[in-house]
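Written out below as structure tokens is the structure these notes cover.
Note that the coordinates shown come from a computational prediction; the quantities given were computed from them, not determined experimentally. Numbered from 1 within each chain, the chains take letters A, B, ... in sequence-line order.
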2 protein chains.
Amino acid sequence: MTFTEQHERRIPQRTIPRLSHYYRALLESREVQLISSETIAELTGYTAAQVRRDLAYFGQFGTPGRGYSVEDLKKVLLQILGIDHQWNVALIGMGNLGLALLRYRGFHEQGFNIIAGFDNDPRKVGQMIEGVKVHQMDELAEYAKRDQIRMAVVTVPASAAQAVVDQLVGVGVKAILNFAPVRLQVPGGVKIHNIDLAIELERLSFLAIHK
Amino acid sequence: MTFTEQHERRIPQRTIPRLSHYYRALLESREVQLISSETIAELTGYTAAQVRRDLAYFGQFGTPGRGYSVEDLKKVLLQILGIDHQWNVALIGMGNLGLALLRYRGFHEQGFNIIAGFDNDPRKVGQMIEGVKVHQMDELAEYAKRDQIRMAVVTVPASAAQAVVDQLVGVGVKAILNFAPVRLQVPGGVKIHNIDLAIELERLSFLAIHK
DNA sequence: CGTCATTTGTGATGACTTTCACGGAACAAC
DNA sequence: GTTGTTCCGTGAAAGTCATCACAAATGACG
Ligand SMILES: NC(=O)c1ccc[n+]([C@@H]2O[C@H](COP(=O)([O-])OP(=O)(O)OC[C@H]3O[C@@H](n4cnc5c(N)ncnc54)[C@H](O)[C@@H]3O)[C@@H](O)[C@H]2O)c1
Ligand SMILES: NC(=O)c1ccc[n+]([C@@H]2O[C@H](COP(=O)([O-])OP(=O)(O)OC[C@H]3O[C@@H](n4cnc5c(N)ncnc54)[C@H](O)[C@@H]3O)[C@@H](O)[C@H]2O)c1
């Protein structure tokens, strides 16, 4: 069973992180060969109807009366999420956050292979961290081409983020995860996703006060 | 003008991070005294109607024909978001990510005052980082009480996260930002918000492939 | 083969969220 | 005081998303 790009309907935004959670649940259930939407729901905290609906957006992967094949569904989810092959990722900005991300082992296991760090501070260039070398910014183009880098993580100060993103776009990067608290412009075809930790704290503060 | 808790309607989830963005926009517009929903919309990338609707959930803060007072609206947003007073925050798990968060200056400026770090690794206990001391876990109760800690950030391995959260709940923490990729149980009244960076990368991967 | 228990995929419904569009409030100008 | 302009607050409409509930598919069993 494979997922063939269909895209009849639009996919709700919140479906996508749910798919990631479903995938995690499958990884934890190695014993069984078949799993029901009800079981996936229990493991993830969603509802069975939600699970079935989310999966049905992409095709028919289950067997009525039986459930979903764990092995098949894992493969399908990897394909849908685009992590059935490794992404080569560049990390720009080797400061506090950049170093923490680089030192984290988890990403590689999940298909995200940080293959190079970049920084414009000469003191940081040349370092080896977890087997990854830190380069100066003007080597970006060379590496992007050689290693087919199409995803990048941006952990530079807000004031530098737009310039960095422009450089990334210029060397063909198509997907950017940005941690700088600033709204960035990218041309169509390039996807950017922002994580703003201060805003997440504020969201938590709101929840704690009001609900 | 002040925001007095009304809570007639339910607030859409996505309103809250938008309020944070509106607040940021106001910080950047020091010159003007009045600002229109249209201008806030331009600065933040939302629509004017969305801005007005979001603010109207909490009261009437604008003047027809004029706009919103920047000063007043800033105060109102601070109140709504619960960051008009400092939150004392504990950080549990002084590893890669915990250290990066501790070294970041931005949080303090935005009302989140990380006043103590905690770790169960004796080698990390006793360190001073950015003026914040790292304590052993059994000192948590003492500090939580003395410094009225009601918010915590959890950056321990997934396997330890539930135990840590249980301890935090036990000492009266009401709001938890969790970075461990695991679903955590908390009693009612305690708010937990999860940030799962691997899932954010997967979301980006999906976007880059499909849209 | 027929019956039964199970569980998917989906039309229908309802809930939630955003957008539209306008009445009316506010003020400037004359 | 009247007119004109601006722009908020909100009812109504449109759009999006989650849940309900069931027909149909599957296999176990006798
Ligand atoms: N550290 C955190 O916990 C944290 C939390 C929330 C948000 N952020 C955001 O993440 C970003 C990074 O934070 P940080 O604490 O790691 O900052 P940092 O100052 O420690 O690191 C930034 C790095 O980017 C490099 N840099 C600056 N300009 C550059 C350029 N033009 N090209 C390449 N490299 C450049 C610097 O040399 C430095 O190494 C910031 O935007 C910050 O607002 C960080
Ligand atoms: N570092 C990253 O970039 C990154 C990215 C994504 C997710 N995460 C998640 O964030 C968490 C932390 O990641 P990290 O890379 O900083 O890990 P790390 O191993 O560097 O740090 C974890 C710290 O927690 C401490 N710890 C362990 N058990 C504890 C307990 N019971 N009580 C108190 N302290 C305890 C350890 O001593 C260590 O200092 C993990 O759950 C990880 O999956 C991290």
Establish, with yes or no, whether the OP1 or OP2 oxygen of D:dC8 is under 4.0 angstrom from a side-chain nitrogen or oxygen of B:S37. yes
What integer distance in Å separates A:F61:CZ from C:dT8:P? 14 Å
Those residues at least two apart in sequence (or on a different chain) that pass salt bridge (Lys or Arg N to Asp or Glu O under 4.0 Å) with B:D121 are B:R123
Can you sort out the partners of A:L19 under side-chain contact (heavy atoms from CB on, under 4.5 Å), two or more places apart, ordered by chain and number? A:T15, A:Y22, A:D54, A:L55, A:F58, A:L77, A:I80, A:L81
With B:Q86 via side chain to side chain donor-acceptor pair (under 3.5 Å) - residues at least two apart: none
Which residues pass the salt bridge (Lys or Arg N to Asp or Glu O under 4.0 Å) test with A:E42, not counting sequence neighbours? none
Partners meeting salt bridge (Lys or Arg N to Asp or Glu O under 4.0 Å) with B:K74 (sequence neighbours left out): B:E71
Length of the CD-P vector between B:Q60 and D:dC7, whole Å: 18 Å
Euclidean distance, atom CG of residue A:L55 to atom P of C:dT8 [Å, nearest integer]: 9 Å
Measure from OH on B:Y68 to C1' on D:dT6 and round the result to the nearest Å. 13 Å
For A:Q13, which contact category applies under a 4.0 Å heavy-atom criterion: base, sugar-phosphate, or nothing? sugar-phosphate
Would you mind reading off the distance between B:L34 atom CG and C:dA25 atom C1', rounded to a whole angstrom? 15 Å
Can you tell me how far C1' of D:dC8 sits from CG of B:L73, to the nearest Å? 13 Å
If a pair satisfies ring-ring contact (aromatic ring centres under 6.0 Å, His included) and one of its residues is in residues 143-162 of chain B, list it, with sequence neighbours excluded. B:H135-B:Y143
What nucleotide, of D:dC8, C:dT10, C:dC16, holds the atom closest to the side chain of B:R10? C:dC16
If a protein heavy atom is under 4.0 Å from the base, mark B; if only from the sugar-phosphate, S; if neither, -; do that for nucleotides 18-30 of chain D going 5' to 3'. SB-B---BBS---
Taken in chain and number order and not counting sequence neighbours, the residues that satisfy side-chain contact (heavy atoms from CB on, under 4.5 Å) with A:P64 are none
Over 60° means perpendicular and under 30° means parallel, so tell me whether B:H210 and B:F206 are parallel, tilted or perpendicular. parallel
Each stem that DNA chain D is part of, given as range with range (3 or more consecutive Watson-Crick or G-U pairs, under 3.5 Å): C:1-30 with D:1-30
For a 4.5 angstrom cut-off between non-hydrogen side-chain atoms, does B:I195 reach B:L197? yes
